[in-house]
Amino acid sequence: MSELKLNNGVTIPQLGFGVFQVPPEDTQRIVEDALAAGYRHIDTAAAYRNEAGVGAAIAASGIPREELFITTKLRNGEQGRAQEAFQLSRKALGLDYVDLYLIHWPVPSQGLYVQAWKEMERLYENKQIRAIGVSNFLSEHLDTLLEAAETVPAVNQIEVHPSYQQAELAAKCRSLGIAVEAYSPLGQGSDLNGNAVTAVAQAHNASPAQVILAWHLAAGTIVIPKSADPTRLRENFAATSLKLSNDELASITALESGARIGSDPAVAAFTQL
Ligand code: NDP
């Protein structure tokens with residue numbers, strides 16, 4: 001499994017497993033499937049309400065803690081009490097430390113993300129988190145954060161898939177030493193049926209999902225596909241061995257359409273999450 005080095009030297013498996021929309025009651029079983037398939041990087045969030053299931057799967061797996069990379073995220077409604085919220089997440093996961101903790105959304109209307117970051121910096125200094133980062137941060141949110149930050153975010157987890165690539169934001173992150181992590185990397189399934197993807201898949205006897213994941217990996221992006229299906233999650237994991245030519249990569253890059261499927265971080269609030 002390819003690993004990337006974050007800006008503080010911590011390594012992260014480039015391909016992880018996302019559990020957004022995995023029901024709490026199914027999470028342990030599905031994460032156990034993912035760990036058995038070889039995933040060592042799991043992406044959850046307090047807002048997904050399935051941290052306990054992730055923790056139960058980790059405990060049941062018997063995999064040494066240091067071989068795992070676990071990410072969770074601060075709820076939007078708890079940006080004013082990040083330290084307490086982090087402890088609740090850590091306990092739900094049953095872990096002594098978390099590998100990566102992210103501000104889930106900037107929620108600019110709340111005006112609290114800089115305060116949350118300051119609290120996360122203290123948790124990072126106290127070694128309860130190995131790396132801290134952000135999610136859904138647009139250029140202006142990064143600028144505001146960096147004016148006040150002592151620690152540059154290790155990661156910005158943003159919506160990236162062939163039809164919505166945010167290339168300018170991704171380039172800015174990389175220039176600042178912030179790793180780009182693609183959420184909804186398959187466009188929640190909507191990017192799988194394009195002609196260009198199908199053509200490359202046929203040429204390699206691979207699946208469309210493997211082609212898209214190989215495209216992300218070739219770009220140096222961290223990628224966290226979700227599948228609740230044991231066959232598909234294995235198929236996705238096998239994308240690490242698929243290598244595409246420059247022309248094939250360019251044919252996927254050409255699918256940009258500018259249409260996001262998630263919410264606009266400039267206005268999204270979700271403070272009930
Ligand atoms: P994905 O792009 O990972 O797509 C998931 C969908 O694709 C599911 O419907 C899944 O169905 C289907 N799928 C997965 N693999 C295959 C395959 N090989 N063939 C066909 N269909 C497939 O979308 P997500 O939105 O779930 O994003 C992934 C992760 O990113 C989340 O789980 C979460 O961890 C993170 N995320 C973070 C956000 C944030 O705000 N920070 C927002 C959204 C996501 P099935 O399960 O039936 O296989």
Side-chain angles (χ1 to χ4, degrees), residues 12-13 15-24 26-27 29-31 33-34 37 39 41-51 53-54 69-76 99-107 113 133-138 141 153 155-166 169 173 179-194 197-198 201 206-217 221-240 242 255 260-271 273:
I12 181 170
L15 176 66
F17 184 75
V19 297
F20 175 44
Q21 292 176 326
V22 175
D26 298 335
T27 302
R29 172 179 54 78
I30 291 169
V31 174
D33 284 346
Y39 291 88
H41 165 187
I42 309 292
D43 182 89
T44 183
Y48 302 167
R49 301 173 205 278
N50 56 20
E51 290 169 312
V54 171
F69 191 101
I70 309 300
T71 301
T72 192
K73 312 183 191 88
L74 174 64
R75 282 177 198 270
N76 296 343
D99 294 278
L100 179 63
Y101 195 48
L102 304 179
I103 298 181
H104 204 149
W105 291 84
V107 199
Y113 64 81
V134 295
S135 178
N136 291 297
F137 271 46
L138 301 176
H141 310 130
V155 161
N156 190 9
Q157 185 182 115
I158 54 176
E159 180 181 339
V160 178
H161 45 92
S163 61
Y164 190 68
Q165 298 172 32
Q166 304 207 69
L169 176 58
C173 289
V180 177
E181 181 166 18
Y183 79 62
S184 303
L186 307 173
Q188 295 191 335
S190 64
D191 278 9
L192 294 172
N193 301 318
V197 174
T198 308
S207 73
Q210 288 173 329
V211 167
I212 293 178
L213 295 172
W215 172 82
H216 283 287
L217 294 170
T221 305
I222 301 163
V223 67
I224 47 171
K226 170 262 176 186
S227 178
D229 177 88
T231 304
R232 286 193 289 276
L233 67 82
R234 283 176 191 277
E235 173 189 318
N236 295 347
F237 190 73
T240 48
L242 177 61
L255 296 174
R260 70 167 87 242
I261 53 175
S263 300
D264 179 355
V267 292
F270 305 127
T271 46
L273 288 183

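Ligands are counted one by one from 1 in listed order, and the atoms in each one are counted from 1 as well.
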- Task: Could I get the full list of side chain to side chain contact (heavy atoms under 4.5 Å, CB included) partners for Thr198, not counting sequence neighbours?
- Result: Gln202

- Item | Expected output: side-chain Tyr183 to main-chain Ser135 donor-acceptor under 3.5 Å | no

- Message: His216: which residues meet the ring pair (Phe, Tyr, Trp, His ring centres under 6.0 Å) condition with it, sequence neighbours left out?
- Response: none

- By side chain to side chain contact (heavy atoms under 4.5 Å, CB included) - contacts of Gln188 (at least two apart): Phe20, Gln21, Ser184, Ile261

- Message: Between Asp43 and Lys73 (salt bridge meaning N to carboxylate O under 4.0 Å), is one present in this structure?
- Response: yes

- Query: Using a threshold of 4.0 angstrom between heavy atoms of the protein and any atom of ligand 1, which residues qualify?
  - Reply: Gly18, Val19, Phe20, Asp43, Tyr48, Lys73, His104, Trp105, Ser135, Asn136, Gln157, Tyr183, Ser184, Pro185, Leu186, Gly187, Gln188, Gly189, Leu192, Ala209, Ile224, Pro225, Lys226, Ser227, Ala228, Arg232, Glu235, Asn236

- Using modelled atom types only, decide if a donor and an acceptor are shared between the side chain of Asp191 and the backbone of Ser163 within a distance under 3.5 Å. yes

